[in-house]
Amino acid sequence: MPTFNTSPGTRDILAPESARWRAFQQVFADVVEHAGFAHIIPPMFEDLGVFLRVGETTEIVTKEMYDFDDKGGRRIALRPEQTASVCRAFVEHRPVTPWKVWYSGPNFRYEKPQQGRYRQFDQVGVEVLGVDDPQLDAEIIALAVEFYRRLGLRGIRLSLNSLGDSGDRERYAAALRTHFVSHLDALSVESRATLERNPLRVLDSKRPEDAGAIAAAPRMADHLCDAAAAHFASVQAALQAAGVDFVIDDRLVRGLDYYRRTTFEFVATSLTAAHTAIGGGGRYDGLVADLGGPETPGIGFALGLDRTLLACDAEGVFAAPATVVEVFIVDVTGGAQAATVCSQLRAAGIGADRAYDARSMKSQMKVADRSGARLALIVGEDEVAKNAVTLRTMETGAQQLVPRDELVAQVKTALGR
RNA sequence: GUGGGCGUAGCUCAGUUGGCUAGAGCGCUAGGUUGUGGUCCUAGAGGUCGCGGGUUCGAGCCCCGUCGUCCACCCCA
């Protein structure tokens, strides 16, 4: 018999981790829905063209796209991120602005997997379309910070930068190219190749040999037009007013070509592996127009679920929630009693489970123990004869006989409800 | 895409210079206790040693390939 495993870069999320994922998404939904964001569920695949707008020099597009031809001859790609899909949805439905949406779900990139990097990876995020106001930039960032706070994460560093308007970005890229070309022999081979594709990305190099040339490179701050500089200053002022700590990092470029003006990134200081960036975002004021819509400003962020949970592990916070089974029914009279009691308790809103296959009491008690239930209900011949059940508190071993018609009430009392 | 480490039971791993029927702990099942879990004791089930070739009298061990996985680079969440 052939056997199968998950495809590379994918995995099964089993309990109790799966419950933790759900709790993570629930906390996020609570935070953003209280801030007026509506849920959007875009499709997991779209026409490849939607994602090509992300930028033709980004690696997401050039080598990581999970794409294929479908049976209708369409060129399809599994979404590598959700911002482009949200913008496509905006152009398709033309909702009134400001349009504030949040999402949660898997994305796909064809990469070589390693810790914190998967071919299918989950993100939660928000997008706002139709608002230029720098106060929104600050509010978006503060929203992410609030979410981290709700998880219990403390070791978060927020890096902030402005990439300027599209004209600024081009002028800066040209200045960088000139600078690095004149220092070509000081650059690593890899960075020389990066320079060909996208001079801004050279700033991201972590190679020690590049440090000198990067330190001497022109600064983005000197290439911002007045409007972009004023916007950036307002964002900083609003963040300070909101009490959000940040550090300006004018080497922060980020991987997506569509970013304009404000960009930011959250780094988990508790993580030591390669992937310490657990979330990021920024403005993408030209993206809606690139997708055939009207000129519409946009801003948003995406937070990586897997990596954020790794950070939670490193800090020992946001543990998986406890089991929902509160009562376990042990029935040594065949199992019919367990069926009745189980459905009675469940109908009363009490988490209940039972054993099967008429196993011995000892064996059923073991299962009860493993289930994590606080209470066991034991049904044997004696109890049936007395029209009662034995209620056992697992932690103490204390037992009492409870008449069947008082069962639900007594269980609730024992559970402290 | 590049480089390196590692693939032996459900899990974590031993396995000597290549040499009897491949082991341990945990977990699982059952019993010790025919009405009681978490501790303890006993027994049992469970493995084509990732897969395919090769070398050899003989391969879990050596060689080649392949797949998977982990780590780093690249890049990013």
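Chain identifiers are assigned alphabetically (A, B, ...) following the order of the sequence lines, protein sequences preceding nucleic acid strands; residue numbering begins at 1 within each chain. For the numbers below, each heavy atom of this structure counts, side chains included, while hydrogens, waters and symmetry mates do not. Note that the coordinates shown come from a computational prediction; the quantities given were computed from them, not determined experimentally.
- Closest contact between the side chain of Gln399(A) and the listed nucleotides G32(B), A77(B), U36(B) involves U36(B).
- Using atom C1' as the reference point in both G46(B) and U29(B), the two lie 11 Å apart (nearest Å).
- Distance from the side chain of Lys362(A) is smallest to G37(B) among G37(B), U69(B), G1(B).
- OP1 or OP2 of U29(B) lies within a sub-4.0 Å distance of a side-chain N or O belonging to Arg359(A).
- Partners of Glu265(A) according to the salt bridge (charged side-chain N to carboxylate O under 4.0 Å, His left out) rule, which considers only residues two or more places apart in sequence or in another chain, are Arg254(A).
- Taking every side-chain heavy atom of Gln114(A) into account, C73(B) is the closest of G31(B), A30(B), C73(B).
- Ionic pairing of Asp165(A) and Arg260(A) is not present here: no N-O contact between side-chain nitrogen and carboxylate oxygen is shorter than 4.0 angstrom.
- G23(B) and A45(B) have their P atoms separated by 13 Å, given to the nearest Å.
- Look at the C1' atom in both U48(B) and G7(B): the space between them is 16 Å, to the nearest Å.
- Side-chain contact, Gln400(A) with Thr390(A): no donor N or O sits under 3.5 Å from an acceptor N or O.
- For an aromatic pair to be called close, the ring centres must be under 6.0 Å apart, and Phe246(A) with Phe266(A) fails this.
- Partners of Arg171(A) by salt bridge (charged side-chain N to carboxylate O under 4.0 Å, His left out), not counting sequence neighbours, listed by chain and number: Asp168(A).
- At a non-hydrogen distance threshold of 4.0 Å, nothing from residues 405-415 of chain A comes into contact with RNA chain B.
- Proximity of residues 326-334 of chain A to RNA chain B (heavy atom under 4.0 angstrom from any strand atom) is not detected for any residue.
- Between the C1' atom of U2(B) and the CZ atom of Arg117(A) lies a distance of 12 Å, rounded to the nearest Å.
- Atom P of G18(B) sits at a distance of 16 Å from the matching atom of U56(B), rounded to the whole Å.
- Counted by atom type alone, Thr333(A) and Glu381(A) present zero donor-acceptor pairs between their side chains at under 3.5 Å.
- Counting heavy atoms of neighbouring residues, nucleotides and ligands inside a 6.0 Å radius, atom NE2 of His93(A) exceeds 12 of them.
- Residue contacts for Gly125(A): at a heavy-atom cut-off of 4.0 Å it reaches no nucleic acid atom on any strand shown.
- Shown here are the salt bridge (charged side-chain N to carboxylate O under 4.0 Å, His left out) partners of Arg370(A), two or more places apart in sequence or in another chain: there are none.
- With respect to Asn107(A), the side-chain hydrogen bond (donor to acceptor under 3.5 Å, both in side chains) criterion is satisfied by exactly one of Gln123(A), Arg119(A), Gln120(A), Glu81(A): Gln123(A).
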Distance-only donor-acceptor pairs under 3.5 Å for side chains of residues 135-143 of chain A, two or more places apart:
from      : atom 1 : to        : atom 2 : distance (Å)
Asp137(A) : OD1    : Arg283(A) : NE     : 3.1
Asp137(A) : OD1    : Arg283(A) : NH2    : 2.7
Asp137(A) : OD2    : His231(A) : NE2    : 2.9
Asp137(A) : OD2    : Thr262(A) : OG1    : 2.7
Asp137(A) : OD2    : Arg283(A) : NE     : 3.0

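- With P as the reference atom, G32(B) and U69(B) are 46 Å apart, rounded to whole Å.
- One atom, CZ of Phe121(A), and another, P of A77(B), lie 7 Å apart when rounded to the nearest Å.
- The cationic atom of Arg109(A) (NZ for Lys, CZ for Arg) does not lie both less than 6.0 Å from the six-membered ring centre of Phe121(A) and within 45° of the ring axis.
- The aromatic rings of Tyr258(A) and Tyr284(A) sit perpendicular, their planes meeting at an angle over 60°, well past the 30° parallel limit.
- Rounded to whole angstrom, the span from the CG atom of Leu401(A) across to the P atom of U36(B) amounts to 17 Å.
- Applying the salt bridge (charged side-chain N to carboxylate O under 4.0 Å, His left out) test to Asp313(A) and every residue at least two apart in sequence or in another chain returns Arg20(A).
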Practice item. Using Watson-Crick or G-U wobble pairs with both distances under 3.5 Å, give me RNA chain B in dot-bracket, 5' to 3', with [ ] for crossers and | for pairs to another strand. Key: (((((((..((((.....[...)))).(((((.......))))).....(((((..]....))))))))))))....

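- Comparing Thr396(A) and Thr308(A), the nucleotide of RNA chain B nearest to each residue sits closer to the 5' end for Thr396(A).
- Looking at the side chain of Thr390(A), the nearest of the listed nucleotides C74(B), U2(B), G35(B) is G35(B).
- With sequence neighbours excluded, the residues that form a side-chain contact (heavy atoms from CB on, under 4.5 Å) with Arg251(A) are Tyr172(A), Leu203(A), Ile214(A), Ala217(A), Arg219(A), Asp249(A).
- In this structure, Gly397(A) reaches the bases: a heavy-atom distance under 4.0 Å links it to at least one base atom across the strands shown.
- Annotation: salt bridge (charged side-chain N to carboxylate O under 4.0 Å, His left out) contacts involving residues 327-336 of chain A, sequence neighbours excluded, are absent.
- Taken residue by residue, residues 365-389 of chain A places heavy atoms nearer than 4.0 Å to RNA chain B at Met365(A), Lys366(A), Asp369(A), Arg370(A), Ile378(A), Asp382(A), Glu383(A).
- Using C1' as the reference atom, G60(B) and C6(B) are 15 Å apart when rounded to the nearest Å.
- Atom-to-atom, CG of Leu391(A) to C1' of G35(B) comes out at 16 Å; the value is rounded to the nearest Å.
- Taking atom P in both C41(B) and G25(B), one finds a spacing of 11 Å when rounded to whole Å.
- Legend: salt bridge (charged side-chain N to carboxylate O under 4.0 Å, His left out) pairs involving residues 386-405 of chain A, not counting sequence neighbours: none detected.
- A9(B) and G27(B): their C1' atoms are spaced 11 Å apart (whole Å).
- If you measure from atom CD of Glu111(A) to atom C1' of C73(B), you get 13 Å, rounded to the nearest angstrom.
- Atom pair Arg119(A):CZ and C75(B):C1' shows a separation of 14 Å (rounding to whole Å applied).
- Taking atom OH of residue Tyr148(A) and atom P of nucleotide A77(B), one finds them 11 Å apart after rounding to whole Å.
- The nearest whole Å value for the distance from the CE atom in Met361(A) to the P atom in G31(B) is 13 Å.
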